[in-house]
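Counting starts at 1 for both ligands and their atoms, in listed order. Hydrogens, waters and symmetry mates are skipped; everything else that's a heavy atom, side chains included, is used. Keep in mind that this is a model prediction, so the values were computed, not measured. In this chain, residues are counted from 1 in sequence order.
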Amino acid sequence: MALETPNHTQTVAGWAAYDSSGKIAPYIFKRRENGVNDVTIQVMYCGICHTDLHHVKDDWGITMYPVVPGHEITGVITKVGSNVKNFKLGDRVGVGCLAASCLECEFCKNSQENYCDQIQFTYNGIFWDGSITYGGYSEMLVADHRYVVHVPDNLPMDAAAPLLCAGITVFSPMKDCQLLESPGKKVGIVGLGGLGHVAVKMAKAFGHQVTVISTSPSKENEAKQRLGADYFLVSTDAKQMQRGKRTLDVILDTVPAKHSLGPILELLKVNGTLVVVGAPDRPIELPSFPLIFGKRAVKGSMTGGMKETQEMMDVCGKHNITCDVELIKPDKINQALDRLARNDVRYRFVIDIAGTSKL
Ligand code: NAP
Ligand code: ZN
């Protein structure tokens with residue numbers, strides 16, 4: 001589709017999956033010219049989110065191949081459209097999940113573009129002009145400036161990249177649950193992966209007691225020593241889960257696979273809230289007893305609005321929160337995706353797109 005759109009004249013080198021085998025190979029494609037509201041970004045780094053894995057394998061049945069994944073993008077501005085006032089050449093910027101929204105609905109007007117029902121994503125979306133969007137596994141990106149944020153000067157571009165999706169996806173529900181302004185809460189994080197490890201760092205920086213709920217006993221030491229978690233529960237150990245009953249105020253569930261919310265809900269105090277951000281392809285189990293016996297609530301949350309994303313970047317700048325990353329060259333994307341599928345990453349792969357790091 002993109003190739004048929006008249007102003008798609010810029011040739012870009014990227015990496016795409018061509019079918020549901022999920023194998024990534026080089027892909028040359030076209031991007032639109034820089035419009036009046038656009039900025040052009042030389043991509044430096046792009047994180048590999050589990051959502052990329054869901055897309056390349058067509059887990060959710062919505063993938064339009066070839067798909068160029070990537071929505072944890074950092075880079076430098078090389079062109080600025082005439083309507084753009086808040087960015088200039090050379091600025092260090094980030095792009096996350098959002099490429100476009102209607103700009104007119106109550107959510108867009110209220111800085112919650114992420115809940116606009118016309119939302120289009122950075123990849124596997126359909127832009128205003130009818131072209132399919134291609135993400136950050138590519139050397140250059142043209143983005144509407146309304147969906148671009150500044151990266152604080154003190155944050156390294158590689159370790160900041162995953163903040164654009166993993167970071168905002170856990171920051172937004174934490175803010176929604178008043179965790180930014182009321183320290184001393186007991187917060188649980190289910191799944192210590194890309195999203196989970198940033199959530200631990202943020203919850204600690206905001207002054208909470210943090211419990212990690214994990215399927216991986218091998219992560220306990222690093223969760224406590226490196227990431228600062230206070231407690232660690234192995235979710236497959238019924239005794240440990242029993243000891244954790246009714247201890248937590250808020251839990252974020254980042255698990256990407258089918259599981260039951262029952263044992264997790266039991267960890268909440270009466271009136272506690274469980275926020276689901278993980279997106280398994282099959283329905284998660286929600287037994288009614290732990291819900292009704294504890295007057296507990298389950299809700300979802302999807303990425304964050306753009307104002308909130310900038311706020312999150314600034315908060316991370318202030319607290320020096322970055323992600324623990326394993327940098328790879330683009331020719332190692334397939335190995336990285338395989339390892340991500342096997343839960344073998346501490347804690348985010350980031351692709352060195354521009355080749356600026358010593359690897
Ligand atoms: P990730 O790096 O793979 O981390 C997920 C963690 O969940 C793993 O490290 C593992 O932690 C645990 N886990 C994995 N498989 C499991 C299983 N079968 N049963 C129980 N636990 C399991 O993934 P991520 O990038 O953080 O993304 C997590 C999910 O969030 C994905 O589904 C992704 O699509 C979704 N997501 C949603 C949004 C949103 O806007 N809502 C945004 C971004 C991503 P332990 O080893 O500690 O158990
Ligand atoms: Zn993501």
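Side-chain N/O atoms of R31 and T40 include no donor and acceptor closer than 3.5 Å.
Distances below 4.0 Å separate heavy atoms of A257 from the following atoms of ligand 1: 17 (C), 18 (N). The H50 neighbourhood of ligand 1 comprises atoms 1 (P), 3 (O), 23 (O), 24 (P), 25 (O), 27 (O), 31 (C), with distances under 4.0 Å to a heavy atom of that residue. The contact set between ligand 1 and C165, taken as ligand atoms under 4.0 Å from a residue heavy atom, comprises 42 (C), 43 (C). Atom numbering of ligand 1 starts at 1 in the shown order; those under 4.0 Å from a heavy atom of G194 are 1 (P), 2 (O), 4 (O), 26 (O). Listed by number with element, the atoms of ligand 1 under 4.0 Å from a non-hydrogen atom of L340 are 2 (O), 3 (O).
Here the CD1-OG distance, from I264 to S235, works out to 7.5 Å after rounding to the nearest 0.5 Å.
For the side chain to side chain contact (heavy atoms under 4.5 Å, CB included) with E33, the lone residue among T9, D38, V142 that qualifies is T9. Results of the side chain to side chain contact (heavy atoms under 4.5 Å, CB included) test with Y45 over I353, I351, L327, I73 single out L327 as the only residue that passes.
Considering backbone and side-chain N/O of A279, one or more are found under 3.5 Å from N/O of ligand 1. In terms of polar-atom proximity, L195 is counted as a contact of ligand 1, with an N or O under 3.5 Å from an N or O of the ligand.
Both tests hold for R32 against F127: distance to the six-membered ring centre under 6.0 Å, angle to the ring axis within 45°.
The distance between the ring centers of Y27 and Y134 falls below 6.0 angstrom.
Protein contacts to the Zn ion (ligand 2) involving N, O or S atoms at a distance below 2.8 Å are C49 SG, H71 NE2, C165 SG.
Of the heavy atoms in R348, only side-chain atoms (C-beta onward) come closer than 4.0 Å to ligand 1. At a heavy-atom cutoff of 4.0 Å, ligand 1 is contacted by the side chain of W60 but not by its backbone.
Of the options L192, D253, V234, the smallest heavy-atom separation from atom 11 (O) of ligand 1 is shown by L192. Looking at P256, S214, A341, G191, it is P256 that brings a heavy atom closest to atom 13 (N) of ligand 1. Of the options V255, N114, T169, T254, the smallest heavy-atom separation from atom 39 (C) of ligand 1 is shown by T169.
Within the structure, every pair that satisfies the salt bridge (Lys or Arg N to Asp or Glu O under 4.0 Å) test and touches residues 299-309, not counting sequence neighbours, is listed here: D176-K299.
Taking a 4.0 Å cut-off on heavy atoms, H259 fails to register as neighbouring ligand 1.
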